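Every chain is numbered from 1, with letters handed out A, B, ... down the list of sequences. Because the structure is predicted, anything quoted here is derived from the model rather than measured.
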2 protein chains.
Amino acid sequence: MPRKPSYDRDALIAQARDIFWRQGWAGTSLKDLERALNLKPGSFYAAFGSKDALYALTLERYAQDGVARLMAMADEMGPLRALKAQPHLVIDAGAVPTHACMLAKTYAELQAKGHELADKASGHMVEMKECFATLFRRAQQAGEIGPDHDPDRLAARYQSDILGLRLSAERNDVNAAEIAADIASDLDRL
Amino acid sequence: MPRKPSYDRDALIAQARDIFWRQGWAGTSLKDLERALNLKPGSFYAAFGSKDALYALTLERYAQDGVARLMAMADEMGPLRALKAQPHLVIDAGAVPTHACMLAKTYAELQAKGHELADKASGHMVEMKECFATLFRRAQQAGEIGPDHDPDRLAARYQSDILGLRLSAERNDVNAAEIAADIASDLDRL
DNA sequence: GGCTTTCTTGAGTGATCACTCAAGTATATA
DNA sequence: TATATACTTGAGTGATCACTCAAGAAAGCC
């Protein structure tokens with residue numbers, strides 16, 4: 001009996017993610033979204049409920065994709081090589097709308113206001129950090145890095161470096177590839 | 001003949017800087033500023049011209065203070081010790097309204113829209129990077145770090161690390177002091 | 001084809017945005 | 001004390017914000 005929506009919800013979320021990622025929360029108006037997703041206000045709210053609800057969906061999508069990509073890479077080439085490849089991947093992926101991490105941008109923008117989206121972004125960053133820690137732990141068990149390192153501490157430093165790298169990659173006066181190479185080569189000294 | 005303003009312009013700029021620094025550009029409304037600076041709209045616009053003009057003033061103040069503080073420290077304790085102290089200083093200074101770098105936050109928020117404040121922030125980050133490079137160069141001339149390092153490359157990596165550290169310090173699930181210590185100790189291996 | 005159910009449409013909501021301006025007030029000089 | 005010259009005040013500007021809702025259009029089942 002019902003009528004089907006004329007749009008692909010997943011594709012819409014991916015599109016919205018790219019816009020939010022680039023322009024931020026306050027920097028993206030409903031008009032921007034309506035134009036890009038080709039949805040009138042009524043359809044938008046029927047489909048997603050609110051701007052914040054859609055933003056939360058795109059954050060989840062972003063975080064899930066990031067973890068999945070890294071874990072798949074680790075399964076393929078081993079934990080240490082995956083960690084060494086990651087810095088280069090996050091800055092040269094030409095398909096990416098912007099280099100800086102969407103979770104970090106969201107957190108930085110909304111944390112001061114106590115916005116719930118900042119908490120969600122924070123949660124996803126914790127997941128990502130634990131993902132890094134898991135890979136460091138595996139690398140340690142495989143003997144690829146020394147036994148007297150704390151994987152959690154390595155993960156925190158690594159994540160911090162990646163966040164800085166991705167922000168640096170947004171600048172055109174910085175050679176991000178050199179920084180990425182330096183971050184990767186640091187892992188050889190562990 | 002004229003009448004003097006009842007406020008201290010410099011103090012107002014410092015106050016505005018702290019608000020912009022914490023809440024960002026879009027996150028700070030004129031109402032916020034009017035309330036905090038105790039200025040009615042008319043006085044605000046007579047004094048500063050526009051929200052963007054005041055923001056630009058606060059950016060300049062922020063950048064100048066940062067460079068001056070680091071350079072003074074370098075004069076006092078030498079370039080390498082200053083570079084090693086900086087990571088701890090930027091995260092524990094209890095007087096600071098927020099840990100993340102205001103230049104980086106501004107750039108991340110406004111770059112996608114091509115806002116001129118993003119360009120100004122970018123320019124100030126370049127100044128800061130050159131300041132780091134100068135200190136690395138001095139340290140190298142003093143024999144404190146090996147002769148086969150490129151001071152500009154070291155400065156870019158160092159700045160990237162600091163940006164990541166300062167963003168990490170905003171999070172409450174991260175031990176920023178450990179990361180700061182690791183960044184500082186990396187300098188010993190140069 | 002008729003009917004139900006959902007999706008689509010777009011004008012319209014009140015709130016808030018950055019900003020203006022004319023009237024009122026205080027002060028430094030003469 | 002008189003006057004000129006600012007500074008202060010706050011109601012008000014049009015624009016844009018996220019969001020609503022009632023009416024119309026289209027698709028699936030009988």
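- The nearest whole Å value for the distance from the NE2 atom in B/H115 to the P atom in C/dA18 is 11 Å.
- Remark: C1' of C/dA18 and CZ of B/F20 are 11 Å apart, rounded to the nearest angstrom.
- One finds a salt bridge joining A/D65 and A/R17 here, because a Lys/Arg side-chain nitrogen approaches an Asp/Glu carboxylate oxygen to under 4.0 Å.
- With 3.5 Å as the limit, one finds no donor-acceptor pair spanning the side chains of B/Q159 and A/S168.
- Across the protein-nucleic acid pair, B/K31 atom NZ and D/dG12 atom P stand 14 Å apart, rounded to whole Å.
- Separating the CG atom of A/L37 from the P atom of D/dA18 is a distance of 13 Å, rounded to the nearest angstrom.
- Closest to the side chain of B/K51, from the set C/dT9, D/dA18, C/dA18, is C/dA18.
- Across the protein-nucleic acid pair, B/K40 atom NZ and D/dC7 atom C1' stand 14 Å apart, rounded to whole Å.
- Between the side chains of A/T106 and A/Y55, at least one donor-acceptor pair of N or O atoms lies under 3.5 Å.
- Atom CZ in A/F48 sits roughly 16 Å away from atom P in D/dA18 (whole-Å rounding).
- For A/S29, whose side chain is taken as the heavy atoms from C-beta onward, the closest listed nucleotide among D/dC17, C/dC17, D/dC19 is D/dC17.
- Picking from C/dT8, D/dA11, C/dC17 the nucleotide with the shortest atom distance to the side chain of A/S43 gives C/dT8.
- Distance, B/E34 CD to D/dT8 C1': 13 Å, rounded to whole Å.
- The nearest whole Å value for the distance from the CG atom in A/L33 to the C1' atom in D/dT16 is 15 Å.
- Regarding contacts with the backbone of C/dT20, every side-chain N or O of B/Y45 stays at 4.0 angstrom or more from both OP1 and OP2.
- Between A/D152 and A/R157 there is no salt bridge, since no side-chain N of the basic residue sits under 4.0 Å from a carboxylate O of the acidic one.
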